[in-house]
Amino acid sequence: MTNPEILQPPTVNPPFANRLLSVAAATWLAVATIGQWLFGIYILMFYGKTTLTGDFDRWNEVLPDRALERNGVFVVGIHILLAAVLALGGPLQLIPRIRRQFPVFHRWLGRVFVITAMVVSAAGLVMILNKWETGDATQDIAISIQAIYIILFGWLAIRYARARQFVRHRVWALRLFMVVNGVWFFRVGLMFWLVVNGGPVGFDPETFTGPFLTSLALFTYAMPLSLIVLELYLLAQRKQNKALSLGISALIFLCTVIMGIGIFGATLGLWLPHI
């Protein structure tokens, strides 16, 4: 969800519904960018610092039980530290001004983003196959499906860029952004749930299992709501229908509010305490 100009040239004096759709998308992107960069800074400040000092024991403060023992520092480190590249670099790819004024930077960052996403996904699959101590089989299957999305969407984004079919490239790049950030959406969604409920409801925080977490995994990994909302946004752009544009704008604003609350909760509850 970003500026409509990625798909079509701007129109002169667009109708109110189209302008509102643009504002909704821009607002979502601004809030998501803040949240992504906060997450990326947390990764660098916590995992980066402890890596430089060799204090890997501190990772056990935030990772599931025995994650390091089962997966090893190298696999866990690759998976987490490269996630900072995705969190800090991903939003930059969606900002139209950067793409227009710095096309070489946009192309190289795009290559780095896609390759990093695939490496992170592969490392994540290794960790899943090696059996973390928390979560259930449904969560493992859902996040494995997400890894397939990432590899497929990344390949299609590169394919259309190399073919100079830039409209299709940008659409697949947007889809890639949504699925790459599945883990981030999961954390933000979880923190939103904890904030509004005042604590864990619908799951066991010790085993990290329960109906809420199963549903959250399904709708952030296997059938990502972020991707569904993106497709609705793209549909509204194509149809230029007033009622549809207004409805999708309202949905995007609602998602932005939920995401903002989740980012606030994650920043205070997960990220700042460990920086």
Side-chain angles (χ1 to χ4, degrees), residues 1-2 29-53 56 58-59 62-63 67-68 71-99 101-128 143 146-158 161-162 169-170 172-188 220-221 224 226-227 259 263 266-267 270-272 274-275:
M1 281 171 280
T2 185
L29 177 58
V31 174
T33 298
I34 293 171
Q36 290 265 290
W37 285 352
L38 286 171
F39 181 52
I41 291 170
Y42 154 71
I43 292 174
L44 293 178
M45 295 295 290
F46 178 72
Y47 291 98
K49 181 179 178 181
T50 52
T51 297
L52 291 175
T53 59
F56 298 111
R58 285 199 62 197
W59 290 14
V62 296
L63 292 175
L68 284 181
N71 298 285
V73 170
F74 179 76
V75 173
V76 175
I78 288 293
H79 180 72
I80 294 175
L81 293 175
L82 288 183
V85 176
L86 302 178
L88 296 172
L92 294 176
Q93 291 296 92
L94 303 187
I95 299 175
R97 182 172 296 180
I98 291 179
R99 188 177 63 254
Q101 297 185 0
F102 306 99
V104 175
F105 172 77
H106 173 77
R107 287 195 296 271
W108 279 103
L109 180 58
R111 295 185 182 105
V112 171
F113 183 85
V114 173
I115 293 171
T116 301
M118 292 181 176
V119 172
V120 169
S121 298
L125 285 174
V126 170
M127 294 164 70
I128 290 171
I143 202 168
Q146 180 206 35
I148 296 173
Y149 288 150
I150 291 171
I151 294 170
L152 176 61
F153 293 0
W155 175 74
L156 287 169
I158 291 176
R162 296 184 65 180
H169 159 71
R170 290 164 187 164
W172 283 107
L174 282 171
R175 290 168 176 157
L176 175 63
F177 179 83
M178 293 303 180
V179 295
V180 161
N181 288 299
V183 172
W184 184 80
F185 285 127
F186 185 94
R187 295 185 184 201
V188 169
T220 52
Y221 301 140
S226 59
L227 191 59
M259 183 173 63
I263 291 170
T267 301
L270 295 177
W271 303 334
L272 283 182
H274 297 286
I275 292 180

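Note that the coordinates shown come from a computational prediction; the quantities given were computed from them, not determined experimentally. Just so you know, residue 1 is the first one in the sequence shown, and it goes up from there.
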Checklist entry - Which atoms form the tightest heavy-atom contact between Met259 and Phe185, and what is the distance? => result SD-CE2, 4.3 Å

Next on the checklist: Does the structure place the NZ or CZ of Arg187 under 6.0 Å from the centre of the six-membered ring of Trp184, at an angle of no more than 45° from the ring's axis?
Outcome noted: no

Checklist entry - Which residue, Leu176, Val179, Val180, forms the side-chain contact (heavy atoms from CB on, under 4.5 Å) with Tyr149? => result Val179

Item to check | Side chain to side chain, Thr33 and Trp37, heavy atoms closer than 4.5 Å | outcome: yes

Checklist entry - Is atom CE of Met118 surrounded by more than 12 heavy atoms (other residues, nucleotides or ligands) closer than 6.0 Å? => result yes

Next on the checklist: Run the side chain to side chain contact (heavy atoms under 4.5 Å, CB included) test against Ile158 and tell me which residues pass, sequence neighbours left out.
Outcome noted: Val114, Arg162

Checklist outcome for this item: d(Phe102 CZ, Leu92 CG) to nearest 0.5 Å is 11.0 Å

Checklist entry - Can you name the closest pair of heavy atoms from Leu109 and Gln93 and give their distance? => result CD2-OE1, 3.2 Å

Next on the checklist: Determine whether Ile143 and Val183 satisfy the following criterion, side chain to side chain contact (heavy atoms under 4.5 Å, CB included), listing intermediate values before the conclusion.
Outcome noted: CA-CA 8 Å; Ile143 202 168; Val183 172; 4.0 Å; yes

Item to check | From CD1 (Ile150) to OG1 (Thr116), nearest 0.5 Å | outcome: 11.5 Å

Next on the checklist: Looking at every non-hydrogen atom in both residues, tell me the closest pair between Ala84 and Leu44 and how far apart they are.
Outcome noted: CB-CD2, 3.9 Å

Item to check | OG-CG distance between Ser226 and Leu174, expressed to the nearest 0.5 angstrom | outcome: 11.5 Å

Checklist entry - Between Phe39 and Trp271, how do the two ring planes meet: parallel, tilted or perpendicular, split at 30° and 60°? => result tilted

Item to check | Steps toward side chain to side chain contact (heavy atoms under 4.5 Å, CB included) verdict (Val85, Phe113) | outcome: CA-CA 7 Å; Val85 176; Phe113 183 85; over 6 Å; no

Checklist entry - Between His169 and His106, what is the ring plane arrangement, given parallel below 30°, perpendicular above 60°, and tilted in between? => result perpendicular

Checklist entry - Which heavy atom of Gly35 sits nearest a heavy atom of Ile263, and at what distance? => result CA-CD1, 3.6 Å

Item to check | Heavy-atom side-chain contact between Phe186 and Gln146 under 4.5 Å | outcome: no

Checklist entry - Which distance, rounded to the nearest 0.5 Å, do you find between the CD1 of Ile43 and the CG of Leu38? => result 11.5 Å

Next on the checklist: Could you report the tightest heavy-atom contact between Phe153 and Leu227, atom names first, then the distance?
Outcome noted: CE2-CD2, 4.0 Å

